[in-house]
Amino acid sequence: MTHTSSTETLLLEIALPVPLRRCFDYLPPADTNLTELQPGVLVRVPFGRQELIGVLIKVKTESEQNLDKLRPALAIIDPRPALDNELLDLCLWAADYYQCAPGEALQTALPVLLRQGEPAQLRGEPVFRLTTEGKGLPDGALKRSPKQAALLAALQTHHQLSRNDLELFEIPRTIAKNLIDKGLVRIDEIVPSQAPHPALLLREPSLVLSEEQQAAFAQITYDSFKTYLLDGATGSGKTEIYLQAIEETLKKGKQALVLVPEIGLTPQTLQRFQRRFNLPIVALHSGLNDRERLDAWLQARDGIARIIIGTRSALFTPLKEPGILIIDEEHDGSFKQQDGFRYSARDLAAVRAHRLGIPLILGSATPSLETLHNAIQGRYHYLRLKARAGNARPPEIQLLDVRGEILHEGFAQASIDAIGDTLGKGNQVLVFLNRRGYAPTLECHDCGWLANCNHCDARMTVHQTPRHLHCHHCDHQRGIPKRCPNCNSSRIQPIGQGTERSEVVLQQLFPAHKVIRVDRDSTRNKDGMQKLLADVHSSEPCILVGTQMLAKGHHFADVTLVVIIDADAGLFSTDFRGAERMGQLLLQVAGRAGREEKHGRVMLQSHHTDHPLVQTLVQQGYHALADLILHERQITQLPPYRHLALIRAESKQAIAAVDFLQTARKMAEQLQAPHPLFSYLGPLPAMMEKRGDRFRYQLQINSAQRKPLQQLLSELALQLEASPLAKRVRWSIDVDPQEMG
Ligand code: ADP
Ligand code: ZN
Ligand code: ZN
């Protein structure tokens, strides 16, 4: 029933950060000028006994709620909308599509400080400038301190430098402080504003594109929506095309938004952009504090920042003059959020670009099958780079059959020889093993006891630095027992290989060389990765050993050998994307070898060298593998040929989760009568049935068409939300799920 307010009182419809799939109505706060109130404004409201900050969706006269019960909002935080219509609509569309509460989706788009009621106002930023004395200094005055002289020279050319600029010029802040102490430099606080465009857009000239790059680049148009798949091997020059497409965009007075995987956002990437462009660039990554994040966001909104580089949630950055969206490594799993608002930044980028009428470039050496399928079908414009840029040749992949071989702590003799050989020639080696810790588990040699996690269906990983057992699924940790808890034998030993163990082994085998381990444990500290990689970039012969953190985005010019310890991990996965991911990961790792003049070689250790997927990948490459998997997906009716949604439920008692999903299935079958284009699978236990003491189940819904699935899910979500069974479980809907576990 709708209630119309009698005297045409205006009501505020507000999205609140609560997990309910609806908005809430409020009376306007006292003495508010309603005519000026625009959607996107933040409003403080009472909610139960708390106060929340929500987003105004619209001003209206009718309510589904009883008018007498409506409470007045407390305050309008800022009459200027925090979200413009474009972003507001995108978030609401996405909330609808991903079956998420509108308030939760909007949360993702708003910087934390705005959600807490901070004004959306840019603050002053310190800049370094020369004092009158500094300006009057004769040439060569600071001869004895080259770094101080360098800063002085930079200030003479650029008039002022921000903290970022200092980093770019590699001038330590202490040098600036020295000059301040000498009275030559002062710090001014300036509020950034949109500067007129400099006459020179570029700091350094762009490269002359190869014929192939030019052919791809020439097809990009800037004044309308089109999605491009830029498909080219690692090192084929995709980034150079992004840079030149951005240049075109900047020339038109527009902004560029670039998304990269979390791990790929290294200073290397950022510096490459900063070296090229003479316009303000902001980077939105996990290393920023809340204030820095808000500043970057505001600079994008106000058009001060012309290039915005960020990870997944940067998709929701407001842009004053949007011109192009670019997603690098579009296949990367990090673009899909795995909890709460389960959106895909890649897929939403297409929606956003479409609504803005601007181009979207998806780049990858190993495109996701969804994207590849869209390109093959002609929905995306397919741009392909086959050669490597510059002089680099593609690496040779050599398959090592390790069946029946005596492995030295996981390494085949041929691998060890190749590593020694490479180091001997003064080159670097990358050893890839996608398992952190010392060993996957601990085993009793006498009774077969294994170190299981008490809270999960999983084994505990052995770690040596510091020594402990660690469950990577629920984070449970305990000491390493001296004796078997089952038979009291002292013969308990770590089983299998992890990165820590490989590091130890390699260091024993090659004591004269540095072994650098890169995984989540070794890079935990801020700047951890940069510090570790500093050695690698110094070009000394060394061995890098690490997990997939090494696979993405880095450029190791002196690595000429990549050894992959276990190529088989994804082959027998119960997730239908296992093989696709395996192919992507192996090729991304392989792509680290021989990026410049040096020729690269990849050795792949496998127990399944004759498996058709392995054979296809090694002999014919990723695209042949992709064809093979696509064919399988078509036969088995899986994405990209079908659309999936996963309803997950977990609870302390398995029965509650199963009951909930059985009810969900019944409800769904009533909403959508049996139909050949619709199918259900489940409730079934998740791949890891118990995790963190909760039992996990799932129901898979598979549809040939997106629209009926969407309609079904919208109704189903509301019914489930209202169901009493829902109170006994944690449940969620995942639309276009990426992880099936
Ligand atoms: P990708 O992004 O596909 O990995 P990049 O754009 O990073 O490739 O290019 C790989 C290397 O080749 C980089 O060092 C880059 O500077 C260089 N490069 C790219 N395009 C050209 C070109 N047209 N001429 C010369 N060098 C190039
Ligand atoms: Zn035992
Ligand atoms: Zn556990």
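Counting convention: from 1, in listed order, for ligands and their atoms alike.
Of all atoms in ligand 1, listed by their number and element, those nearer than 4.0 Å to a heavy atom of Ser210 are 23 (N).
Residue His445 does not count as close to the Zn ion (ligand 2), with no N, O or S atom under 2.8 Å. Taking backbone and side-chain atoms together, Cys453 has an N/O/S atom less than 2.8 Å away from the Zn ion (ligand 3). Checking Cys456 against the Zn ion (ligand 3), an N/O/S atom falls under the 2.8 Å cut-off.
When only interatomic distances are considered, the shortest N/O to N/O separation between Leu207 and ligand 1 does not fall below 3.5 Å. Taking only nitrogen or oxygen atoms, main chain and side chain alike, Gly235 reaches within less than 3.5 Å of ligand 1. Where the criterion is an N or O separation shorter than 3.5 Å, residue side chain and backbone included, Arg272 meets it with respect to ligand 1.
Only the backbone of Ala233 comes within contact range of ligand 1, with a heavy atom under 4.0 Å; no side-chain atom does. Heavy atoms of Ser236 found under 4.0 angstrom from ligand 1 belong to the backbone as well as the side chain. In Asp328, neither the side chain nor the backbone holds a heavy atom less than 4.0 Å from any atom of ligand 1.
Taking a cutoff of 4.0 Å between a charged side-chain nitrogen and a carboxylate oxygen, Arg501 and Glu409 qualify as a salt bridge.
Angle SG(Cys474) to the Zn ion (ligand 3) to SG(Cys471), rounded to 10°: 110°.
Heavy-atom contacts from other residues, nucleotides or ligands closer than 6.0 Å to CD of Gln653 number 12 or fewer.
Summarising the geometry, atom OH belonging to Tyr382 is positioned 12.5 Å from atom CD belonging to Gln377; distances are rounded to the nearest 0.5 Å.
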